[in-house]
Amino acid sequence: MGLYKKFFLIHLKSHMTYRSSFFFLCLGRLLLIGNLFLSVYFLLDRFGTVQGYTLPQLMLCCAVVLLSSSLAECFGRGFDRFSRILATAQFDRILVRPRGIVFQVLCQDMRLSMLPGLLQAAVMLAWAIHGGAVVWTPYKVLVLALMVLCGAAVFFGVYLLYAAVCFFTLEGLEIFNILSDMPREFGKYPYGVYGKGVLWLLTFLLPFALTQHWPLQVLLDRAPARYGLLPLAALLFLLPCALLWQLGVRHYTSTGS
Amino acid sequence: MRTYLAFFKMRLLAGLQYRAAALAGMGTQLVWGILEVLLYRAFWLENPDSFPMDMAAVSAYIWLQQAFLSCFALWYWEQDLFDAVKSGTVAYELVRPVDLYGMWMARSLALRLSRAALRAGPILLLAVLLPSPYGLRCGVSLPVFGLFLLSMALMLVVVCAFVQLLYALSFHMTDATGMTTFLSSVASVLSGNLVPLPFLPEKLRTFAALTPFGSMQNVPFRIFSGDISLADMPAALGLQAFWAVALIVAGAWIMRGGVRRAVIAGG
């Protein structure tokens, strides 16, 4: 953990060296998420509610997805660029070092452009709370924390899956972006809005709904309290991902000289 | 003119080589389209009376967006050209005996067309096969279809001319990133990329339709989906033509000034 902190500081410093480009990166992010908010706002301004959700309630949903995807992107960035790590034979160097493989890949790159995301998520959350979206209890705070953390874990699982497939294809498969980009982009609404088919897919196959749609029902008093623990079940998704990753590492043959 | 045509053809053929990327892009676009249609469906079922367009028209709009993404997406500019201006390698382009503006315009048009050519067909085909209010209905009359094609061509010119304006402006600043990120997010709202313009609040919609952004995807897609009546089409097309000319004139003028001012060091 101490080592991880050290790597984090290194990346922080390297980002801060190019201050103006970092600033513009953040500004771009801020505007991008601002647009995401506007797209929800314009439609809700016209319709009032969608499937009974009001604007503050949707803000809560947006904030959760934004937080978990920002966290995953910040810390799992190394996996996102895994095809490059393989292509440039950096993976050989990783294998010979006396530290965990996953740990080292995580340390390769960290993205601090998640900062504006965190900031905006905080604003949205504040709005949701101020707008009286939820009657808070200690249990619900716990559920909210679980949603964010387990949501980040599922995003992380998708990154891991992507990296594992890279072992076999040796290049990044763009098609995998669907698995991480779509849930993030469309997670601004509870997945139930898209109909039963999508909800089932995202519950049993790619369990993003377990960290978003179902526990959200608990926060809004629409479902029994036990649904609030479903985010923990989403962690099961990490098992097959980790398995495939192991398989990939075993499959790896260096081209080294 | 022949030089530009040759340049256009060269770039078009180069763009058509990227078939694997096109396949991945197509998959993304398909899933994106389906989710988007499902989202508007939820709003439509919630309250059909506050829906400013037909559901079928919204679906058509969404599917045309997915199919022709590369024709209107402002963020499909070429970072290479911004970098060339910044680093000074633009000198290699300037020594050629052709006008920089015309050459880059041909380049942008070819790039966008080649990307659309690879992606549009299968997406449109699948969209036509979808059930009634959620797919792409194709019951447009021949004259309307003609106007749609004309409007598509104008859209492509307006979009490329706008991006040319950005390249031209980048001659006058050290780093174009701030400008491009800001403008692309403004454009996303005003062009009807975020939500179709009829869904915006009244005042904002009127304003957006008059800006150059309103002359992009907003016009052709709504002509095809039947959301713009035949009587309103001449005005919309006229505005598109106006912006196409205005942006080209402004862009060429600014670029000429930029090139004259530009100092490139090195031997």
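Numbered from 1 within each chain, the chains take letters A, B, ... in sequence-line order.
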### Greatest number of heavy atom pairs closer than 4.5 Å to chain B - which of Leu36(A), Asp181(A), Thr49(A)
Thr49(A)

### Message
Please identify, among Leu43(A), Leu32(A), Leu38(A), Leu27(A), the residue contributing the most non-hydrogen atom pairs under 4.5 Å to chain B.
### Response
Leu43(A)

### Task
For the residue pair Tyr61(B) and Arg222(B), confirm or rule out a side-chain donor-acceptor distance under 3.5 Å.
no

### Task
Please work out which of the three classes, parallel, tilted or perpendicular, describes the rings of Phe68(B) and Phe221(B), given edges at 30° and 60°.
tilted

### Task
Indicate the ring-plane relationship of Phe199(B) and Phe47(A), choosing parallel, tilted or perpendicular according to the 30° and 60° boundaries.
tilted

### Message
Could you check whether any side-chain N or O of Gln217(B) sits under 3.5 Å from a backbone N or O of Phe72(B), counting only pairs where one atom can act as donor and the other as acceptor?
### Response
no

#### Entry: Donor-acceptor contact present, side-chain Gln120(A) to main-chain Leu30(A), <3.5 Å
yes

### Query
If you count heavy-atom pairs under 4.5 Å with chain A, which of Val31(B), Thr180(B), Asp49(B) comes out on top?
Val31(B)

#### Entry: Options Leu39(B), Asn47(B), Leu38(B), Thr28(B), ranked by heavy-atom pairs under 4.5 Å with chain A, top entry
Leu39(B)

### Query
So which part of Tyr40(B) gets closer than 4.5 Å to some heavy atom of chain A, the side chain, the backbone, both or neither?
side chain

### Query
By a 4.5 Å heavy-atom criterion (distance strictly below it), what part of Leu204(B) contacts chain A: side chain, backbone, both, or neither?
side chain

Can you tell me which portion of [X] sits under 4.5 Å from chain B's heavy atoms? Options are side chain, backbone, both or neither.
X	result
Val198(A)	side chain
Asp45(A)	side chain
Phe186(A)	side chain
Phe42(A)	both

### Task
Give the minimum heavy-atom separation between Gln212(A) and Gly187(A), together with the two atoms involved.
NE2-O, 2.9 Å

### Summary
Closest heavy-atom pair, Arg41(B) versus Tyr134(B), reported as atoms and distance to 0.1 Å, is NE-OH, 3.2 Å

